[in-house]
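Treat the numbers as computed from the prediction; the structure is a model and nothing was measured. Scope of the values below: all heavy atoms of this structure, side chains included, with no hydrogens, waters or symmetry mates.
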Amino acid sequence: MAALGALVKKAWSVRRFVVLLCAPLALVPILLSLPPKEGRCLYVILLMALYWCTEALPLAVTALLPIPFLGILPSNKVCPQYFLDTNFLFLSGLIMASAIEEWNLHRRIALRVLMLVGVQPARLILGMMLTTSFLSMWLSNTASTAMMLPIANAILKSLFGEKDTSKDMNRENEENQASLQQNKLYTVPTEMQFLASTEDKDLAEEKELSSDALSDLKKEEEYKTNIWKGFLISIPYAASIGGTATLTGTAPNLILLGQLKSYFPECDVVNFGSWFMFAFPLMLIFLLMGWLWISILYGGINLRGWKTKKSNIRVDAEARAKEVIKEDYQKLGPTKFAEQAIFFFFCMFAIMLFSRDPKFIPGWASLFAPGFISDAVTGITIVIILFFFPSQKPSFRWWFDLKAPNTETQPLLTWRKAQETVPWNIILLLGGGFAMAKGCEESGLSVWIGGRLHPLEGVPPPVAVILITVVIALFTEFASNTATIIIFLPVLAELAIRLKVNPLYLMIPGTIGCSYAFMLPVSTPPNSIAFSSGHLMVKDMARTGLLMNLMGVLLLSLAMNTWAKSIFQLGTFPAWANIHAENATSLVTAVENVTLSALNKI
């Protein structure tokens with residue numbers, strides 16, 4: 001096995017080397033077939049897309065390629081794209097998440113929700129999904145999943161326990177292990193490993209069981225195995241769904257905001273408040289539909305036997321699970337002053353962002369000069385307070401007690417902690433996407449792409465929404481959702497101009513569709529984390545995720561054609577897009593002439 005693992009690593013290293021070396025050479029014809037600026041821009045974009053999909057270089061390193069290789073914009077215009085106000089909005093959300101994790105506020109919220117929903121499997125799955133999705137609105141999807149999985153495992157062990165397998169089961173497990181490792185899959189424990197038992201039983205006693213008892217035992221084992229899988233698979237799905245509800249919840253949402261400001265500077269309809277009004281109801285509906293599907297598929301809800309009385313084993317198991325949740329909550333102790341302070345600033349963070357400019361009523365930003373207050377200013381202002389606000393309740397008596405020790409008070413968040421926990425690579429990844437968008441705009445590549453989309457002009461816009469969401473959801477199953485949206489957004493913007501529809505009508509479904517990756521372990525980091533627990537197989541995620549993808553596509557199409565139209569004014573072709581369309585029309589003829597002359601010379 002060690003030799004096989006070494007061989008796989010060598011093969012992967014060779015593949016990375018081949019991609020790094022051959023990709024730039026293979027894309028050279030693009031430089032010759034297009035005008036200089038468009039060719040260079042498309043060359044860099046395709047090279048970055050190839051590196052992102054194959055991960056030949058780290059994602060953040062690939063995002064830096066526009067700086068030396070774009071050759072279209074001077075560096076003093078490319079480099080600022082890596083620190084736009086959108087990046088600072090995302091940074092403020094990451095810093096707030098670091099403070100929440102520092103004082104275990106997220107764990108207290110999670111356990112409290114689980115205590116409220118109850119300990120029946122279907123209710124626990126709902127509680128897990130609600131908690132994970134709420135945390136994922138503010139924390140990263142990966143952090144939310146990594147935090148909730150240990151809680152889920154502790155509850156599952158209290159419900160079902162763990163039991164050593166018999167010799168026959170061990171032999172079967174060893175036979176399955178070889179085939180799984182050949183496909184680079186994790187070994188999945190067999191059903192007997194999930195048995196609930198408080199005491200070990202002798203094999204002789206098991207043999208004396210009647211055939212009816214053995215049949216009931218087998219059904220109970222299947223039920224426990226399915227519930228275990230349902231628990232684990234619901235957490236990454238809820239994280240991916242929850243991240244779509246806020247602008248700071250996941251990177252693609254912020255990339256949309258940044259590229260809108262690049263392509264359509266006059267567009268001001270998308271901000272934290274308007275996005276939340278659109279995406280939060282969609283998230284809730286999708287979450288409830290997903291919960292029903294997972295609960296029915298994995299036995300949390302039994303449609304045929306919902307009136308049957310629960311066995312004593314299940315009643316005892318649920319009682320143990322309730323005690324485990326209660327015990328874990330009590331271990332946190334009474335609510336600390338720091339937790340109360342973090343919760344207060346977290347609520348202020350959300351309320352201030354939502355009420356800055358909610359569109360349906362004047363926001364508090366209208367009290368200031370236009371252009372000086374943005375979501376980034378609001379977020380950064382709140383999180384700065386975390387670095388000096390005391391983590392212990394201040395005592396006014398200290399000021400008048402000359403003998404009191406002059407000890408330094410620890411703030412709610414230290415810069416060292418922020419450095420360690422904030423994923424700075426995502427900031428660079430966002431910047432790389434904004435640099436690509438700026439290069440497409442300045443080079444005329446977006447106009448060139450738009451000129452090749454005329455065969456799609458006859459597609460009805462509602463059908464285009466469904467097709468876009470399906471294509472992007474399938475593409476993101478194999479590639480990073482951030483890289484996917486960076487590649488597709490410029491194309492969607494130009495397609496909207498060609499179709500004469502509001503660009504948001506196509507760009508928003510493409511953005512949210514990037515988060516609907518449920519079918520494969522490699523689709524998202526949350527999926528990979530759940531899969532690495534060893535209790536899931538690829539077929540489990542594939543059969544569950546297929547319907548999740550379909551539900552997501554249909555619900556997103558429903559949202560775009562109902563309440564999103566009034567929130568984002570999708571029924572008309574806006575003036576801010578019309579200006580861009582006029583500029584593109586004036587350039588497209590010149591670009592096509594230059595392209596044809598270049599092709600004639602080859």
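At least one side-chain heavy atom of Met137 sits under 4.5 Å from a side-chain heavy atom of Phe276. Side-chain contact between Val553 and Ile466: present, with at least one pair of heavy atoms (C-beta onward) separated by less than 4.5 Å. Annotation: side chain of Val538 is in contact with side chain of Phe531 (closest heavy-atom distance under 4.5 Å). Considering only heavy atoms from C-beta on, Ile468 comes within 4.5 Å of Leu495 through its side chain. When side chains are defined from C-beta on, Leu499 counts as touching Leu506, because their heavy atoms get closer than 4.5 Å. Contact of the Leu492 side chain with the Ile472 side chain is registered, since non-hydrogen atoms from C-beta on lie closer than 4.5 Å. Contact of the Leu489 side chain with the Tyr263 side chain is not registered, since no non-hydrogen atoms from C-beta on lie closer than 4.5 Å. Residues Trp424 and Leu91 form a side-chain contact, since some pair of their non-hydrogen atoms from C-beta on lies under 4.5 Å apart.
Test Asn481, Thr484, Val470 against Phe475 for side-chain contact (heavy atoms from CB on, under 4.5 Å) and you get one pass: Thr484.
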>> Could you go through Ile385 and Phe388, starting from their C-alpha distance and side-chain angles, then the distance that decides it, and tell me whether this counts as side chain to side chain contact (heavy atoms under 4.5 Å, CB included)?
In response: CA-CA 6 Å; Ile385 302 174; Phe388 65 81; 4.0 Å; yes
>> Assess the residue pair Val383 and Leu413 against the criterion (side chain to side chain contact (heavy atoms under 4.5 Å, CB included)); give the C-alpha distance rounded to whole Å, side-chain angles, the decisive distance to 0.1 Å, and a yes or no.
In response: CA-CA 9 Å; Val383 299; Leu413 185 65; over 6 Å; no
>> Before you tell me yes or no, could you show the steps for Val377 and Phe372 under side chain to side chain contact (heavy atoms under 4.5 Å, CB included), namely the whole-Å CA-CA distance, both residues' side-chain angles and the distance that decides it to 0.1 Å?
In response: CA-CA 8 Å; Val377 173; Phe372 285 87; over 6 Å; no
> Is there a side chain to side chain contact (heavy atoms under 4.5 Å, CB included) between Phe88 and Phe83 once you walk through the steps?
Replying inline: CA-CA 7 Å; Phe88 283 97; Phe83 282 95; 4.1 Å; yes
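Ser133 places a side-chain N or O within 3.5 Å of a backbone atom of Leu130 that can act as its donor or acceptor partner. Although no hydrogens or angles enter the test, the distance criterion places a donor-acceptor pair under 3.5 Å between the side chain of Ser528 and the main chain of Pro521. Within the 3.5 Å criterion, the main-chain N or O of Leu84 finds a donor-acceptor partner in the side chain of Asn87. The backbone N or O of Val61 lies less than 3.5 Å from no partner atom in the side chain of Tyr51, so there is not a single donor-acceptor pair. Side chain of Ser240 to backbone of Tyr237: no donor-acceptor contact under 3.5 angstrom is found. Put simply, the side chain of Asp375 gets close to the backbone of Phe272: a donor and an acceptor are under 3.5 Å apart. Checked by atom type and distance alone, the side chain of Ser98 never pairs as donor or acceptor with a backbone atom of Ala418 at under 3.5 Å. Between the side chain of Asn141 and the backbone N or O of Pro525 there is no donor-acceptor pair closer than 3.5 Å. A distance-only check finds a donor-acceptor pair linking the side chain of Thr132 to the backbone of Met128 [under 3.5 Å]. Counting only distance, with no hydrogens or angles, the side chain of Ser136 and the backbone of Ala239 share a donor-acceptor pair below 3.5 Å.
Taking all atoms of both residues into account, the shortest heavy-atom contact from Pro411 to Leu386 is CB-O, 3.9 Å. Taking both residues in full, the closest heavy atoms of Leu139 and Ser144 are given as CB-OG, 3.7 Å, listed atom of the first, atom of the second, then distance. In plain terms, the two heavy atoms of Leu556 and Gly513 that are nearest each other are CD2-N, 4.2 Å. Taking each heavy atom of Met519 and Leu546 in turn, the nearest pair found is CG-N, 3.7 Å. Closest non-hydrogen pair, Thr476 versus Cys514, comes out as OG1-O, 3.3 Å. Taking both residues in full, the closest heavy atoms of Val78 and Pro66 are given as CG1-O, 4.0 Å, listed atom of the first, atom of the second, then distance.
We find the CG-OG distance between Leu89 and Ser374 to be 8.0 Å, quoted to the nearest 0.5 Å. For the atom pair Arg107 CZ and Met147 CE, the distance stands at 8.0 Å (nearest 0.5 Å). Taken to the nearest 0.5 Å, the CD1 atom of Ile294 stands 7.0 Å off from the OG1 atom of Thr544. Rounding to the nearest 0.5 Å places CG of Leu59 at 10.0 Å from CE of Met48. Distance check, rounded to the nearest 0.5 Å: OG1 of Thr248 to CG of Leu353 gives 7.0 Å.
The closest side-chain donor-acceptor pair between Glu477 and Ser523 falls under 3.5 angstrom. Under 3.5 Å, the side chains of Thr250 and Asn253 contain no donor-acceptor pair of N or O atoms.
Using cut-offs of 30° and 60° on the angle between ring planes, the pair Trp275 and Phe568 is tilted. Between Trp138 and Phe134, the ring planes are perpendicular. Angles over 60° get that label, and only those under 30° would be called parallel. Below 30°, between 30° and 60°, or above 60°: for Tyr516 and Phe518 the angle between ring planes is below 30°, a parallel geometry. Taking the six-membered ring where tryptophan is involved, the planes of Phe387 and Trp415 are tilted, since the angle between them lies from 30° to 60°.
Partners of Ser274 by side-chain hydrogen bond (donor to acceptor under 3.5 Å, both in side chains), not counting sequence neighbours, listed by chain and number: Asn271.
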